[in-house]
Structure formats: C-alpha cells, structure tokens
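Have a look at the structure below, then the notes.
Values below: all heavy atoms of this structure, side chains included; hydrogens, waters and symmetry mates excluded. Each residue takes its place number in the sequence, starting with 1.
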Amino acid sequence: ILEATQKYGYAQGAFNVNAVAQAKAVIEVHEMFRSPAILQGADLANAFMGGRVDFAGGTTEDKIAGARNIGDAVRKYGENSPIPIALHLDHGRNFDSVKAAIALVGPLVHDRVNMNGSSLPFEQNVELTREVVKFAHARGVTVEGELGVLAGVEDHVFSETSTYTNPLDAVEFFRKTRVDALAISYGTMHGASKGKDVKLRR
C-alpha cells in the first residue's frame with residue numbers, strides 16, 4: 001500500500017476504529033473509491049473493544065480480546081474485498097501491547113504495529129523499539145517507531161509543549177532500531193483546539 005503512494009505521489013489515510021460499524025464503514029467507503037484502506041486499532045481502543053469500560057486501565061488480556069474483535073470485524077468485511085486492506089496497531093504503549101496484537105497475526109490482521117516510545121528518553125525509546133522490531137520481524141510484522149512529542153493529549157501521552165523531531169536523531173533512531181517506518185513530530189498539537197494558548201505554525 002505504501003509503495004503505491006510513493007510510486008504515484010499521493011497520501012494514504014489511516015483510520016482509527018473502535019467499533020465494528022466503523023470498520024465496516026471504512027472498508028465500504030474505500031471500496032466505493034477503489035482505494036486501498038489502512039484501518040487502525042489503537043492500544044486503548046483494543047482495551048475498549050475487549051469489553052473494558054475504563055479502557056485506560058485495560059489489561060493485556062483485555063487488549064488481546066479487543067484486538068481479536070477488531071481483527072474479526074476487518075476480516076468479516078474485508079476478506080473478499082477487491083481492495084488491499086491493512087490493519088495497524090496504533091500507539092502500542094509497551095511490549096505487552098504489541099505482543100497482544102502480533103499474537104493475532106493472520107490474513108488482514110495486524111500487518112503492522114506502532115511502538116510509541118516517544119515519551120521516553122531517546123536511548124530508552126531506542127532500546128524498547130529495537131526489541132519490538134526483533135520480535136515483530138521474526139513474525140513477518142512491520143514496525144513503526146515514534147520520535148518527538150506534539151503538544152496536547154494523545155492516548156497515554158500528554159505534553160504542554162511540542163518536541164519536534166531532530167532529523168539527525170531520526171537517522172540515528174532508524175540506524176539503531178531498523179524500524180520500517182517512523183512517525184515524527186513536526187506539527188502543532190493533538191486534540192481539539194479551544195483557543196487557549198494555541199500557537200499555530202504556518
């Protein structure tokens with residue numbers, strides 16, 4: 001899917017889903033436009049889909065159950081689809097979260113995982129992501145790392161200010177971890193802008 005974006009010069013959306021109806025809708029709309037689809041199950045969404053109402057406190061077992069439920073929904077509505085479909089774990093919080101998703105690898109299920117160690121010091125982020133890469137690559141799963149923090153709230157990460165990704169750090173991070181993709185920080189902030197202390201970059 002991503003090779004096609006590079007070849008033909010277009011952007012590929014990735015859509016977070018935390019309900020079966022959302023997964024169905026994303027696939028149907030992409031089929032309508034004959035476009036590949038990337039669906040994402042975020043770490044916290046997996047806990048929610050596993051039946052955990054207080055999803056921020058979800059256990060590994062909750063996340064495994066939720067990842068299975070999201071995977072089943074994607075498989076149900078996408079198994080015979082004429083378009084390419086990928087399912088991505090978004091913002092894996094730790095090794096256990098990533099393993100929970102990778103345990104369900106199969107057709108259309110968690111082709112790629114994100115290890116979000118961006119809130120950690122650089123070397124700890126490198127060490128954790130490198131271990132995830134070794135584990136995932138041995139099972140045919142690609143890994144997206146994360147470097148830099150945007151202001152605002154995103155899942156388990158909160159920051160009052162943005163820490164933009166240093167390009168030289170990005171090169172070192174890739175060299176040490178061998179990630180397949182890297183999410184970097186170059187924007188303004190996460191979450192809804194309420195107008196208070198917002199500084200938009202142009």
Quiz prompt | Carboxylate-amine/guanidinium contact Arg52 Glu61, below 4.0 Å | solution = no
Donor-acceptor under 3.5 Å ([X] side chain, [Y] main chain):
X: Thr5; Y: Leu2; result: yes
X: Glu146; Y: His91; result: no
X: Asp54; Y: Ala56; result: no
X: Asp180; Y: Val143; result: yes
X: Asn125; Y: Leu120; result: no

Are [X] and [Y] packed together at the side-chain level, in the sense that at least one heavy-atom pair is separated by less than 4.5 angstrom?
X: Val98; Y: Val113; result: yes
X: Lys176; Y: Arg130; result: yes
X: Gln12; Y: Ile38; result: yes
X: Ile27; Y: Glu31; result: yes
X: Leu147; Y: Phe122; result: yes
X: Ile64; Y: Thr60; result: yes
X: Lys99; Y: Phe135; result: yes
X: Met49; Y: Val20; result: yes

Quiz item: Could you state the interatomic distance from CD (Gln40) to CD1 (Ile70), rounded to the nearest 0.5 Å?
Solution: 10.5 Å
Self-check item: Distance in Å, Arg75 CZ paired with Ile85 CD1, rounded so as to fall on 0.5 Å steps
Solution: 11.5 Å
What is the minimum heavy-atom distance between [X] and [Y], and which atoms define it?
X: Gly145; Y: Asn114; result: O-ND2, 4.1 Å
X: Pro36; Y: His30; result: O-CD2, 2.8 Å
X: Ser118; Y: Gly148; result: CB-O, 3.4 Å
X: Phe174; Y: Val179; result: CE1-O, 2.9 Å
X: His88; Y: Glu144; result: NE2-OE1, 3.3 Å

Practice problem: Give a yes or no on whether Ile1 and Val17 share a hydrophobic cluster (residues Ile, Leu, Val, Met, Phe, Trp, Tyr; joining criterion: side-chain heavy atoms under 4.5 Å apart). | Solution: no
Practice problem: Kindly indicate, with the supporting measurements, whether the criterion side chain to side chain contact (heavy atoms under 4.5 Å, CB included) is fulfilled by Thr177 and Glu127. | Solution: CA-CA 8 Å; Thr177 63; Glu127 183 178 346; over 6 Å; no
Exercise. Using only heavy-atom distances, determine whether the side chains of Asn16 and Asp90 contain a donor-acceptor pair under 3.5 Å.
Key: yes
Quiz item: Hey, is CZ on Phe33 packed in by over 12 heavy atoms from elsewhere, all under 6.0 Å?
Solution: no
Practice problem: Decide if atom CD of Glu123 counts as having more than 12 heavy atoms of other residues, nucleotides or ligands within a radius under 6.0 Å. | Solution: yes
